[in-house]
Structures are given as structure tokens and as C-alpha cells.
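I have placed the structure first, in the form of C-alpha cells, so that the comments after it can refer back to it.
Note that this is a predicted model, so its numbers are computed, not measured.
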Amino acid sequence: QVQLVESGGGLVQPGGSLKLSCAASGFTMDYYAIGWFRQAPGKEREGVSCISSGGSTYYADSVKGRFTISRDNTKNAVYLQMNSLKPEDTAVYYCTRVRYSSVGCGPLTFPSAEWYWGQGTQVTVSS
């Protein structure tokens with residue numbers, strides 16, 4: 001059974017940093033693209049970042065230059081380093097795994113691919 005568990009969320013001041021972690025079980029992460037989505041109250045979910053099995057990455061324009069996605073296949077984990085956080089980054093952040101190993105990361109991945117979802121972790125950016 002595919003399971004994804006997020007951690008690392010919390011309350012941070014504008015301009016601060018957080019590092020989110022995603023621990024996976026039930027599959028070997030090496031073979032799959034892993035993504036991060038976020039959803040704020042009253043807004044549609046947004047694809048934030050994605051990393052392919054080969055290590056290539058994709059970022060939404062809203063976070064490019066501030067967020068960094070990485071993976072550690074030995075630990076079966078993916079991370080999202082978030083710097084220069086803004087109030088508009090406030091949302092529940094979800095770790096996701098693409099269903100099919102053949103799918104990579106790119107502009108069309110978020111809207112077109114089928115994903116497995118974690119429970120999410122709350123990130124609040126406020127002074």
C-alpha cells in the first residue's frame with residue numbers, strides 16, 4: 001500500500017524558512033516522480049514542485065528561486081526546502097507520488113497525471 005507522510009510544517013514569520021519532509025512506504029521511491037501540492041482555504045490546489053526518478057526538477061513560477069526539492073532514495077524520502085517565505089505561501093502542503101513510473105516531471109505533469117496523496121502538513125506564514 002502506498003503511504004506518504006509529510007512533516008516539518010509550522011508557523012514561521014515572513015522571510016523565514018521551513019524544510020518539509022516526505023517519508024514514503026509501500027514502494028521504492030527510486031522509480032517514481034514525487035510532487036508537492038499545496039491548497040489554501042477557498043483556493044484550488046496548486047502544484048508547487050516535482051522531482052523525477054532521474055532527478056530532474058520542475059517548479060511553479062510562484063516558488064521558483066525560493067523553494068528547492070530534493071530526494072534521498074536511500075532513506076526513501078523527499079524534501080522541500082522553503083526559503084524567503086511569504087504570507088501567500090500559507091497552505092496545507094501535500095506530498096504526492098505519480099501513479100505510473102513512466103511519468104516524469106514537467107509543465108503538464110501536475111494537471112494530467114494521477115497522484116497518490118499524503119495527509120498534508122500545515123504551513124502558516126504570518127507575523
Side-chain angles (χ1 to χ4, degrees):
Q1 185 178 21
V2 174
Q3 289 191 336
L4 301 162
V5 180
E6 303 93 334
S7 62
L11 175 64
V12 66
Q13 294 184 342
S17 299
L18 284 173
K19 187 175 183 178
L20 306 183
S21 298
C22 173
S25 62
F27 69 98
T28 300
M29 187 175 284
D30 307 43
Y31 305 107
Y32 297 91
I34 307 295
W36 287 94
F37 283 80
R38 66 185 181 186
Q39 187 164 26
K43 295 185 177 181
E44 295 183 355
R45 65 188 181 191
E46 175 189 18
V48 176
S49 185
C50 182
I51 185 166
S52 74
S53 60
S56 62
T57 58
Y58 174 80
Y59 298 92
D61 289 341
S62 58
V63 306
K64 193 173 298 181
R66 299 188 297 121
F67 291 10
T68 302
I69 190 170
S70 62
R71 65 192 304 155
D72 187 337
N73 290 332
T74 301
K75 297 180 179 180
N76 222 36
V78 168
Y79 309 96
L80 185 67
Q81 178 66 50
M82 305 185 295
N83 299 325
S84 302
L85 284 163
K86 306 173 182 179
E88 61 208 63
D89 294 319
T90 296
V92 177
Y93 284 72
Y94 298 92
C95 178
T96 62
R97 194 211 87 178
V98 73
R99 181 177 180 182
Y100 301 106
S101 61
S102 59
V103 178
C105 290
L108 301 178
T109 304
F110 285 118
S112 63
E114 184 177 345
W115 303 87
Y116 292 104
W117 294 74
Q119 295 297 308
T121 185
Q122 177 71 49
V123 172
T124 302
V125 185
S126 177
S127 59

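- The backbone N or O of Gly54 lies less than 3.5 Å from a partner atom in the side chain of Ser52, making a donor-acceptor pair.
- Rounding to the nearest 0.5 Å gives a distance of 10.0 Å between OG of Ser53 and OH of Tyr32.
- You'll find the side chain of Val2 stays beyond 4.5 Å of the side chain of Trp117, heavy atoms only.
- Note on ring orientation: taking the six-membered ring where Trp is involved, the planes of Phe110 and Trp115 are parallel (angle under 30°, cut-offs 30° and 60°).
- Residues Cys50 and Ala33 share a closest heavy-atom pair of SG-CB, 4.2 Å.
- Within the 4.5 Å cutoff, no side-chain heavy atoms of Asn76 are placed close to those of Ser25.
- Going from atom CG of Asp89 over to atom CE of Met82 covers 7.5 Å, rounded to the nearest 0.5 Å.
- For the pair Lys64 and Asp61, the salt-bridge criterion is met [side-chain N within less than 4.0 Å of a carboxylate O].
- Glu6 places a side-chain N or O within donor-acceptor distance of the main-chain N or O of Gln119, the cut-off being under 3.5 Å.
- Checking side-chain atoms of Tyr58 against main-chain N and O of Leu108 turns up no donor-acceptor pair under 3.5 Å.
- Taking both residues in full, the closest heavy atoms of Ala24 and Leu4 are given as CB-CD2, 3.9 Å, listed atom of the first, atom of the second, then distance.
- Separating the CD atom in Gln122 from the OG1 atom in Thr90 is a distance of 7.5 Å, to the nearest 0.5 Å.
- Counting all heavy atoms, side chain and backbone alike, Ala113 lies closest to Val103 at CB-CG1, 4.2 Å.
- A cation-pi geometry, defined here as NZ or CZ lying under 6.0 Å from the six-membered ring centre and within 45° of its normal, holds between Arg97 and Phe27.
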For Ser21 and Tyr79: C-alpha separation, side-chain torsions, deciding distance, then whether side-chain contact (heavy atoms from CB on, under 4.5 Å) applies. CA-CA 5 Å; Ser21 298; Tyr79 309 96; 3.4 Å; yes
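- In this structure, CD1 on Ile69 lies 12.0 Å from CD on Gln81, to the nearest 0.5 angstrom.
- Met29 is not connected to Val5 by any chain of hydrophobic side-chain contacts under 4.5 Å among Ile, Leu, Val, Met, Phe, Trp and Tyr, and they are in different clusters.
- Few gaps surround CZ on Arg66; more than 12 heavy atoms of other groups in view lie less than 6.0 Å from it.
- Of all non-hydrogen atoms in Leu18 and Gly8, the two that sit nearest each other are CD2-O, 3.8 Å.
- Side-chain atoms of Trp36 and Cys95, non-hydrogen and from C-beta on, do get closer than 4.5 Å to each other.
- Side-chain contact between Val92 and Phe37: absent, with no pair of heavy atoms (C-beta onward) separated by less than 4.5 Å.
- Separation of atoms CG (Leu80) and OG1 (Thr121) is listed at 11.0 Å; rounding is to 0.5 Å.
- Closest approach of Ala91 to Arg38, counting heavy atoms only: CB-CB, 3.8 Å.
- How far CD1 of Ile51 is from CD1 of Ile34: 9.0 Å, rounded to the nearest 0.5 Å.
- Counting all heavy atoms, side chain and backbone alike, Ser62 lies closest to Glu46 at OG-OE2, 2.9 Å.
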